[in-house]
Amino acid sequence: MHKLQSFSVAKLVTDFIRLSVRLKSSGGRPSAPLGSRILTNPDDVFKHNMWDHVEWTEEDEENARKKAQENSSEQHPLKEQGKFDTEAGQYWDRFYEMHQDKFFKDRRWLFLEFPELLPSGAEDPDSNTCQSHQQATIPLQSASSMNTETRHNQHIDHHNRNTNTFHFQEFCQEAAQETTTADTQTSTFPGQHASFRLLEVGCGVGNSVFPIVNKLKETDSFLYCCDFSPRAIQLVKDHPDYDDSVCHAFVHDICEEMASFPFPAESLDIILAVFVLSSIHPERVQGVVNRLSTYLKHGGIFLFRDYGRYDFSQLRFKKGRCLSENFYTRGDGTCVYFFTKEEIHDLFSKAGLEEIQNLEDKRLQVNRGKKVVMRRVWIQSKYRKSYPHASS
């Protein structure tokens, strides 16, 4: 463990400075997404709990790869692995029985990284800014000065940008007509009269739900949230901020192919999955994303954040906890997979969605009390359901 947590601070600072200079010269990432706190002085490393935009060297990558290879060399007995998939709901239900709503903190960072969670034209009371979905959902044009890595991180697609820009208003009108038609042809469902609908899958006890609900009040919006743990959903409903006029919480297993949702297909503007897909067996994730994507309207967006390959939490697993490559079980029976950007791109592309953002978020997390530093890796992505081609 100590070997994992220790490294040359001076060397890391050198990497940070080089990255900072490169971003300034290339017009790269803005303060959001993924923060703007860059370590420039090694003496300051313990002044904050987190440092952003950590650049790994080839040596860092190789050391992490070897550590993951080492802790996965001895896998959990194959005959016992099936229960972690078939009984996943029970493991998570026991987790929430033990921890209630005390384990995770509310995700108040959501609107900084995912401004799409607010309906177009709505004002974020914390930032005093107005959200524009047209601006948020159309990929930015790549500047010629942007270097190869920055362009790769942002995955800017000129063809998609041009196609969607030319017909944006026409597509919006078509989407609105489709939504109205779907609503009139479907039996009554919660939130049917809302003009902006969101779904959070794997909502747990509401650490994303209530920051969202509190922002959506006084807007014509509705939030659906589901989890396969009945105990978690009951905790959401018992929360003092739960309001069934703007939110509908329900028990649902997104891995169950025949399970139905309380809303029709192509009725959602946003789907949010934060640290959810990693808990599903890797062989089942594609089917989950495929099914969820059918509920997005044309132009709707799938927002994703989850664990990245070689995150500190992957490297500290003991031998015998690995179920398959980069997929592990914790001591409480819950499971976690560690993604790469390329895997996420393939996952959503195969579901018919087009990329808006796909970033690897590498940070330095600091325990100032124990004087310990940890390399964190997360993947943050946004994928959109494209509009149908306009008839010529």
Side-chain angles (χ1 to χ4, degrees), residues 1 4 56 60-96 103-104 201-204 227-229 232 253-257 273-293 302 304-351 358-362 365 374-381 383:
M1 179 70 74
L4 255 179
W56 288 32
D60 296 327
E61 292 278 356
E62 180 62 17
N63 289 338
R65 187 192 65 79
K66 288 181 178 178
K67 183 62 181 178
Q69 187 177 47
E70 178 185 345
N71 70 21
S72 61
S73 61
E74 182 182 324
Q75 296 191 353
H76 199 81
L78 186 61
K79 63 180 180 180
E80 298 179 13
Q81 290 191 19
K83 65 179 181 180
F84 297 116
D85 184 27
T86 59
E87 301 175 18
Q90 298 176 38
Y91 285 118
W92 279 104
D93 209 49
R94 286 198 289 268
F95 174 90
Y96 291 118
F103 193 84
F104 301 110
V201 294
C203 67
D227 200 283
F228 65 178
S229 165
D253 184 354
I254 58 175
C255 289
E256 179 54 55
E257 295 184 16
V274 179
F275 298 102
V276 175
L277 299 186
S278 59
S279 66
I280 300 171
H281 193 286
E283 294 180 358
R284 304 181 72 175
V285 175
Q286 186 67 65
V288 169
V289 174
N290 291 350
R291 289 190 294 275
L292 288 173
S293 298
F302 203 127
F304 169 89
R305 185 172 174 85
D306 220 316
Y307 293 104
R309 187 70 46 84
Y310 305 144
D311 178 62
F312 173 79
S313 60
Q314 176 181 9
L315 302 186
R316 72 178 188 178
F317 271 106
K318 305 295 185 183
K319 290 182 180 180
R321 305 309 306 179
C322 184
L323 301 177
S324 60
E325 191 173 6
N326 302 301
F327 187 50
Y328 300 78
T329 178
R330 305 181 182 95
D332 60 6
T334 62
C335 296
V336 58
Y337 183 81
F338 297 89
F339 295 99
T340 65
K341 283 198 314 178
E342 292 73 22
E343 288 174 339
I344 293 304
H345 182 72
D346 288 345
L347 184 67
F348 287 102
S349 296
K350 289 177 180 177
N358 190 23
L359 302 175
E360 189 174 52
D361 183 5
K362 291 184 174 180
Q365 188 173 12
M374 298 157 281
R375 291 182 181 270
R376 304 311 308 265
V377 184
W378 298 292
I379 307 296
Q380 180 168 301
S381 308
Y383 281 79

* **Closest non-hydrogen atom pair between Ser73 and Lys319, with its separation** =>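 For Ser73 and Lys319, the tightest heavy-atom pair comes out as OG-CE, 3.8 Å.
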* Asked: Where is the tightest heavy-atom contact between Phe327 and Ser278, given as atom of each residue plus distance?
  -> CE1-O, 4.1 Å
* Is Arg309 salt-bridged to Glu360, cutoff N-O under 4.0 Å? -> no
* Asked: Hey, is Lys362 close enough to Glu61 for a salt bridge, meaning N to O under 4.0 Å?
  ->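 So Lys362 pairs with Glu61 through a salt bridge.
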* To do: List in chain and number order the residues that pass side-chain contact (heavy atoms from CB on, under 4.5 Å) with Ser313, two or more places apart in sequence or in another chain; answer none if no residue qualifies.
  =>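 In terms of side-chain contact (heavy atoms from CB on, under 4.5 Å), with neighbours along the sequence ignored, Ser313 is linked to Tyr307, Asp311, Phe338, Arg376.
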* Structure fact -> Those residues at least two apart in sequence (or on a different chain) that pass side-chain contact (heavy atoms from CB on, under 4.5 Å) with Glu325 are none
I'd like to check [X] versus [Y] (side-chain heavy atoms, cut-off strictly below 4.5 Å). Are they in contact?
X: Glu343; Y: Tyr337; answer: yes
X: Arg330; Y: Cys335; answer: no
X: Leu277; Y: Ile280; answer: yes
X: Trp378; Y: Asp306; answer: no
X: Asp361; Y: Val377; answer: no
X: Val285; Y: Leu347; answer: yes

Got a sec, which residues hit side-chain hydrogen bond (donor to acceptor under 3.5 Å, both in side chains) with [X], two or more places apart in sequence or on another chain?
X: Glu70; value: none
X: Gln286; value: Asn290
X: Arg284; value: Asp85
X: Arg321; value: none

Would you say the side-chain atoms of [X] and [Y] include a donor-acceptor pair closer than 3.5 Å?
X: Asp60; Y: Tyr310; result: no
X: Ser229; Y: Asp227; result: no
X: His345; Y: Tyr383; result: yes

* Plane angle bin for Phe339 and Phe304 - parallel if under 30°, tilted between 30 and 60°, otherwise perpendicular ->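 Answer is perpendicular, since the angle exceeds 60°.
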